[in-house]
Amino acid sequence: MKKQKVSAHLLCNRPLTHHSSSPSSPGFPSFPLHLSRAGVISQTAEQCELLLKCSVNVFQSLSDGMWLRCGCAASLRVLASPLRVLGLRRCNTAAFMPESAGFGGVSGRSGLQEFSVSSSESFWAAVARHRLSWIRPFTAVQDCDLSRGRIRWFEGGKLNVSVNCLDRHVHTCPDRVALMWERDEKGSEVRYTYRELLEMTCRVGNLLRRHGVKKGDCVTIYMPTCPLAVASMLACARIGAAHNVVFAGFSAEALAERIRDAQSSTVITVNQGIRGGKILELKKTVDTAVQSCPTVQQVFVAMRTDSPVAMTARDIAMEEEMLKEDVVCEPAAMNSEDTLFLLYTSGSTGKPKGLVHTQAGYLLYAALTHRYVFNYHDGDVFGCVADIGWITGHSYGVYGPLANGGTTVLFESTPIYPDPGRYWDMVERLQINQFYGAPTAIRLLLKFGDEWVNKYDRSSLKTLGSVGEPINTEAWEWYYRVVGEERCPVVDTWWQTETGGICIAPRPSDSDAEIVPGMAMRPFFGIKPALMDTEGKVISGNDASGALCLAQPWPGMARTIHNDHQRFMETYCQPYPGYFFTGDGAYRSVEGYYQITGRLDDVINVSGHRIGTAEIEDAVNQCPAVAESAVIGYSHDIKGQGVFAFVVLKKNVDVEEADLSRQLNGIVSEKIAKYACPDFIQFVQRLPKTRSGKIMRRVLRKVVELDLDSLGDLSTLDDPAAVQEIIQGHRELLSK
Ligand code: 6R9
């Protein structure tokens, strides 16, 4: 291996644009002609408006214009509190949603919602025509049959997602800021205009093409949240490759499993990541991962820090090679139903599932929800603090805001680095208008006290969003009262990797619509929720709880699980034939509002990150001293859920429990990720099992929740004495 230092500085020493200014539009780049000729670009009235409003930040952007800059609660039923937030002004329906002018007298938000569900095809056809730029118009709005797991939208149509996210905005407003990169190092944010982001994307697109990446290939991206990661995603979309972003906190083994499953031959990474001031050796992790990935032929390595890394024959210095590329890259004409990306997520059993999202439907749904749930308007700065490795980062960090020509913040740090004022300092500095974060962070910050919030000016904020897990009333009220100064609606948004975008949220709503703390409340346009009873029948009344299903398809939904449509069918389509089963439970209030009560399967949610108990058990069981284990989630006041592992050791194992606990934590972080490590490990002689050998997790949960009065029916237990031993052991563990 030779050591090679790649200079990221190369990139900032030369202007990024190769376009000359067009004489007819001073200051604008000449536009790649083939795009205009192909009729890809359409200019809406709203985009024209952008021209007037766009913030010019050319000097800042050019001087900072390097691609990667270096050196410098639980599922409880929340009672409706008397706190009510009044809705926004009553709006003229056509002004609110221009397409509605064609919906035959529909008025008001609830009228629109009803129309979107009862006349779903007309609704989605109008929105798709108006909001996406098509290379060729679609010929069929949808062709879906949930009972057969067949989901197709906008067939016959051709488009390019990167053109929709970039070129059309460059055409109208090249110097508008697309990305505000809030780097880990506080106060060193970097802005990228639409023109710069398009150029960066084109260079990456050309680079990938030159190295043999073709339409239909899948590129794995293992990078921190940064502009080059976004450009890499968009570059894949531009040349018709699918991307597979793997959260940069995942271990080498978890990464390798995802690379193999996605059959990627190309990986994009950085030399090192930096998060909360700590260096993450991402390139080294990739080196380890690719050893067990025979498909990988090339690894592009960008420089996030100054430290050189060992390069192998397989590695390519990304920025150096990008400089050789042209800034114009012909976009591929993609079919609506071609794959846009895979994103792996945990299920209750087996290995992680690679959910497949396709082009037009996903983009449209991300854009529409971004616009309406958050009331996003031209010129607003949208601050989603999710990592790009999760679906929230995909839909509301990248695709939704960019499809809408918005300015989106990429947050690379943590809520408490360098101190618990980080988010609000950023809100003031970047003038963020919509802030979208996770309850776990809100709960954490709440404990540090109001002064960290009050230190900063938050008057730019208009909407606050929450995602990933149920938000408890205390956190909701603090978010509303302290962070939002009782001015900003708090939208608790329920959705999943599988749904592509937000499905249930308090907004958009009619003018005087209330918002109930801790409730996602109202279905979005085109979404029809249904609750199912234990016999699989639809519950029709209100004030009822059941399994949450979605009764009709919507454009943003996942189409399949990569290479395993059977599993897609079994998980989502077969439990309630004709419906999409979400895996969550929900309560429908007397008023008809939805409240998510938590997962119905063995998936736990640690700080908003999904993890299957079976995955953790698999890792724990790989320790040679372990005979078997059972992992459960328990409610944790910061993380939402914590991980509790019951472990049975093999006979004659003689090790200190503390040493073994450390060893097990090491294995879990090596096999999965740090966040999946057990908070508690209890060593037991045996697990409570039924006579047929099934572990009775219900009993373990009750023990951990100290709810010993409702252990329930123990008569099916093989050996009831096991439970008493576990209760005793648990008491001892707590008293340590
Ligand atoms: C977007 C995202 C999905 C699971 C989902 C549910 C939980 C997400 C929630 C929520 C209650 C909310 N969840 N949002 N529970 N209220 N507002 O988080 O996707 O990582 O796939 O997780 O997260 O259990 O099923 P994903």
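Counting convention: from 1, in listed order, for ligands and their atoms alike. Please read these numbers as outputs of a predicted model, since none were measured by experiment.
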Residues at least two apart in sequence or cross-chain that pass side-chain contact (heavy atoms from CB on, under 4.5 Å) with Ala386, listed by chain then number, are Cys384, Thr392
State whether the side chain of [X] and the backbone N or O of [Y] hold a donor-acceptor pair below 3.5 Å, judged by distance alone.
{"X": "Glu705", "Y": "Tyr634", "value": "no"}
{"X": "Arg610", "Y": "Ser346", "value": "yes"}
{"X": "Arg588", "Y": "Gly541", "value": "yes"}

Collect the protein residues that have a non-hydrogen atom under 4.0 Å from ligand 1 and hand them over in chain and number order. Ile391, Thr392, Val467, Gly468, Glu469, Pro470, Asp492, Thr493, Trp494, Trp495, Gln496, Thr497, Asp584, Ile596, Arg599, Asn605, Arg610
Can you confirm if the aromatic rings of Trp424 and Phe435 lie within a centre distance of less than 6.0 Å? yes
Do Leu464 and Pro489 come close enough that some side-chain heavy atom pair is under 4.5 Å?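 They are not in contact (no side-chain heavy atoms under 4.5 Å apart), so the answer is no.
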